[in-house]
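In what follows, residues are counted from 1 in the order of the sequence shown.
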Amino acid sequence: MGDLGRRVSRDFERGGLLDEQLPGYGRREEQIKLADEIAGCIVSGSRLLAEAETGTGKTLAYLIPALRSSDKVLISTHTRSLQDQLVHRDLPAVQKALGAKRRVALLKGRSNYLCPQRLKTHISSPQVELWAQKTMLKVLDWSRKTQDGDLAALPFDPFAKGIGAMITATADQCAGSKCAEFEHCPLMKARQKAQGADIVVTNHSLLLADAALKSGDFGEVLPAFDVYVLDEAHSLPQLAGQHFGIQLTRMNFIQWLNDMQAELEAMGDELALKKDIVEQGRVVLEAWLESGLEALEEAWGDMLKLSDLRRERSEPLTRLAERAEQLAEEIAMVKKPGDGFVGWSEGEGELTRYTVAPVETGPVLAKHLWSRQAAFILLSATLRVSGSFDYARNRLGLADAEECFHPSPFDYAQQAMIYLPRHMPDSRSPGAVATMTDEIETLLRASRGRAFVLFTAWSMLKQVAPELARRLPWDVLIQGESGSRDAILDAFRADTHSVLCGTRSFWEGVDVPGESLSMVIIDKMPFAPPNDPLLQARIRRCEEQGGSGFRDIQLPEAIATLRQGAGRLIRSEDDRGVMALLDSRLYHKAYGREAVHNLPPAPIRDDLADVRWFFEEASE
């Protein structure tokens with residue numbers, strides 16, 4: 001055992017610093033084992049896949065080695081809630097307990113920080129409507145007081161107010177060190193702090209954007225690290241598909257046109273070019289509405305010629321010309337995706353979105369992340385499927401990583417019950433929605449609210465949730481109707497008997513311990529829609545290689561999602577609750593036994609009377 005391992009072991013000893021100095025600390029053997037494995041990975045510079053089930057305490061297990069190590073460490077999460085918890089609660093508490101002096105920095109993506117230059121430009125622009133300028137005046141007043149320019153501190157969401165894009169800068173829009181506001185730029189200050197920090201906390205999106213772009217002065221630049229701790233690592237493949245692909249929308253062109261017009265307006269002596277740009281912009285936006293991309297490609301080709309006319313006159317015009325060229329390349333890539341990529345479109349008219357994504361994320365992650373000379377620790381409560389890391393290894397491109405598993409300390413046999421009814425009809429059959437609604441209402445009355453109702457599709461949420469709100473005496477919070485995700489969660493925590501109805505965004509990264517959440521209801525097995533173009537491409541690739549699309553992709557993906565949803569229920573040793581999976585196919589489909597095997601080890605019941613008795617016992 002090296003020096004780091006010995007120091008970590010001493011911290012976890014009985015009567016050690018954690019016992020004496022960390023409020024609320026309780027000794028957990030699996031946590032200690034995990035911390036030791038992480039320390040070993042850091043020392044050897046290897047890669048580790050670690051599944052630590054809910055209650056193991058994986059956060060503390062990686063914070064201790066990170067704080068005791070002398071290496072530069074990046075801690076990356078998927079959800080903002082965990083990121084904020086690490087920076088504002090966990091790291092300060094553990095540092096104080098250990099007496100560790102490591103410098104810590106928080107680094108978010110560009111859209112989280114105010115761009116003073118774009119605020120200055122748009123607040124006085126005659127092209128910006130009065131309502132937007134009034135809101136920007138509030139931002140201007142706030143900007144004179146803020147210490148870090150993090151827009152999360154505003155009393156409102158600037159993107160919801162319609163001004164987010166006008167007060168932040170994308171990588172394409174940022175002038176970097178050539179910007180007049182560079183010395184006062186919140187993003188640059190955050191990056192400079194990260195450069196000098198020992199531990200940087202960020203998110204997977206920023207990490208992947210950095211890996212995908214690496215665009216020097218103007219990119220999403222992260223410093224080099226010796227150690228990468230990637231919590232909530234199960235989400236990396238999906239995010240990698242977004243960051244290593246393309247998403248082309250009408251807004252991409254509108255933003256370019258707005259920026260070009262603003263620059264020409266500021267110059268004041270390019271009236272003819274500005275007029276031509278405006279006229280050609282109308283042609284481009286009209287071409288967007290035509291089927292296929294031929295008209296758009298031709299219209300943008302003419303815009304390219306205009307953008308090239310004055311590119312040498314100023315740095316902003318050079319960058320706008322380069323952005324125009326990049327958009328032309330993206331149009332070409334959407335028309336003909338490269339080898340290993342698949343393209344598709346969604347929506348109609350102005351809302352059409354063209355997407356190109358890698359069929360398999362493993363190779364791109366291996367190329368852009370795992371090739372770095374550093375230690376990588378990937379953690380999640382749900383990396384395994386049916387006791388195996390194989391599916392995660394393939395999706396992540398980590399065939400040679402070490403692996404470890406640490407079970408939950410919770411007593412599911414005493415704390416939980418799984419309700420799996422046999423009588424639910426096929427969701428496509430007549431009357432299925434009515435039956436589902438009645439069943440959920442009965443369950444919610446047994447639990448007296450206090451529940452998550454998680455749907456696999458928006459269509460079912462929209463049909464069932466409003467009816468539940470009409471029937472039930474408790475507040476029913478509905479995703480898409482009751483406010484932002486954070487606002488809904490805050491309301492749910494505050495009202496002990498409320499009900500939260502949501503889709504995929506509530507299946508993971510949500511922590512509600514205590515009485516407020518005593519039941520999780522899932523409408524059916526969360527199989528991905530079979531018409532998903534990326535899924536279809538993955539299945540084709542799998543079957544071309546001799547595999548089974550269902551057994552090797554669809555079922556493991558559904559099981560992994562199901563484990564995330566089930567994990568919302570028991571969050572502490574004092575929690576009690578029922579998980580209800582309203583999908584009777586698990587009794588008569590071949591995959592049913594395997595799916596049930598992946599649920600928490602709680603007793604399974606098929607009688608509503610048992611659910612009622614469970615909650616009556618709890619109230620005695």
Side-chain angles (χ1 to χ4, degrees), residues 18 21-26 28 31 34-35 38 50 52-67 73-98 100 102-109 112 148 150-153 190 193-194 197-207 227-236 239 377-382 406 408-410 452 484-494 500 505-514 516-517 564 567-575:
L18 294 176
Q21 302 294 331
L22 188 63
Y25 171 71
R28 307 177 194 180
Q31 182 184 64
L34 176 58
I38 291 171
E53 291 187 327
T54 306
T56 306
K58 60 181 169 60
T59 303
L60 189 61
Y62 63 72
L63 287 184
I64 301 295
L67 287 166
V73 180
L74 178 85
I75 300 175
S76 181
T77 75
H78 175 38
T79 57
R80 188 176 64 192
S81 58
L82 179 54
Q83 189 180 30
D84 290 340
Q85 175 187 316
L86 285 168
V87 173
H88 302 301
R89 192 178 77 188
D90 295 344
L91 271 164
V94 179
Q95 276 191 291
K96 182 179 179 181
L98 299 183
R102 303 270 276 166
R103 293 166 297 178
V104 176
L106 171 64
L107 187 59
K108 298 183 178 182
N112 293 278
D148 56 13
D150 187 341
L151 296 173
K193 187 176 179 181
D198 302 306
I199 297 174
V200 176
V201 179
T202 189
N203 57 68
H204 297 339
S205 289
L206 181 55
L207 173 63
V227 180
Y228 292 81
V229 178
L230 310 181
D231 202 346
E232 303 176 310
H234 60 274
S235 62
L236 278 169
L239 292 169
I377 297 105
L378 288 81
L379 305 108
S380 172
T382 57
H406 298 279
S408 172
F410 298 152
F452 275 8
S484 68
R485 183 176 185 270
D486 289 346
I488 290 174
L489 282 171
D490 289 343
F492 180 80
R493 292 186 180 105
L500 189 157
S505 63
F506 287 96
W507 285 63
E508 60 180 276
V510 176
D511 189 15
V512 187
S516 290
L517 181 56
Q564 279 292 322
R568 298 313 99 210
L569 182 62
I570 304 298
R571 307 298 295 181
S572 75
E573 293 177 352
D574 299 323
D575 282 356

ask   = Strictly by modelled atom types, are H406 and T56 linked by a side-chain donor-acceptor pair under 3.5 Å?
value = no
Point to revise | T79 and E232: side chain donor to acceptor below 3.5 Å | key: yes
Go through it in stages, so that I can follow the logic: the residues are T382 and Q564, the test is side chain to side chain donor-acceptor pair (under 3.5 Å), and I'd like the CA-CA distance, side-chain angles, deciding distance and then a yes or no.
CA-CA 7 Å; T382 57; Q564 279 292 322; 2.4 Å; yes
Measuring only between side-chain heavy atoms, which start at C-beta, is [X] closer than 4.5 Å to [Y]?
| X | Y | value |
| --- | --- | --- |
| L63 | D90 | yes |
| L107 | L206 | yes |
| I64 | L98 | yes |
| T202 | I75 | no |
| L378 | Y228 | no |
| D148 | L106 | no |

Counting distance only, does the side-chain N/O of [X] pair as donor-acceptor with the main-chain N or O of [Y] below 3.5 Å?
| X | Y | value |
| --- | --- | --- |
| Q83 | T77 | no |
| R102 | I199 | no |
| D84 | S81 | no |

Quick check for you: to the nearest 0.5 Å, what is the distance between [X] atom [atom1] and [Y] atom [atom2]?
| X | Y | atom1 | atom2 | result |
| --- | --- | --- | --- | --- |
| S76 | L207 | OG | CG | 5.0 Å |
| L67 | L91 | CG | CG | 6.0 Å |
| L236 | S380 | CG | OG | 9.5 Å |

Of all heavy-atom pairs between [X] and [Y], which one has the smallest distance, and what is that distance?
| X | Y | value |
| --- | --- | --- |
| D150 | K108 | OD2-NZ, 2.8 Å |
| I377 | L379 | CG2-CD1, 3.5 Å |
| Q21 | P23 | O-CD, 3.2 Å |
| L86 | P92 | O-CD, 3.8 Å |
| P409 | G55 | CG-O, 3.3 Å |
| A61 | I38 | O-CD1, 3.7 Å |

With sequence neighbours left out, the residues meeting ring pair (Phe, Tyr, Trp, His ring centres under 6.0 Å) with F410 are none
With sequence neighbours left out, the residues meeting ring pair (Phe, Tyr, Trp, His ring centres under 6.0 Å) with F452 are F492
Item to complete: Please indicate whether R80 has more than 12 foreign heavy atoms, meaning atoms of other residues, nucleotides or ligands, lying under 6.0 Å from its CZ.
Response: no
Practice task
Decide whether a cation-pi geometry holds between R568 and F506; the criteria are a distance under 6.0 Å from NZ or CZ to the six-membered ring centre and an angle within 45° of the ring axis.
Solution key: no
Could you give me the CA-CA distance, side-chain angles and deciding distance for L239 and H78, then say whether side-chain contact (heavy atoms from CB on, under 4.5 Å) is met?
CA-CA 9 Å; L239 292 169; H78 175 38; 3.4 Å; yes
*Show your working on side-chain contact (heavy atoms from CB on, under 4.5 Å) between N112 and L151 and close with a plain yes or no.*
CA-CA 6 Å; N112 293 278; L151 296 173; 5.8 Å; no
- Query: Run the side-chain contact (heavy atoms from CB on, under 4.5 Å) check on L500 and I488 step by step: do they pass?
  - Reply: CA-CA 8 Å; L500 189 157; I488 290 174; 3.4 Å; yes
Does L82 form a side-chain contact (heavy atoms from CB on, under 4.5 Å) with D231? I'd like the steps, not just the answer.
CA-CA 9 Å; L82 179 54; D231 202 346; 3.4 Å; yes
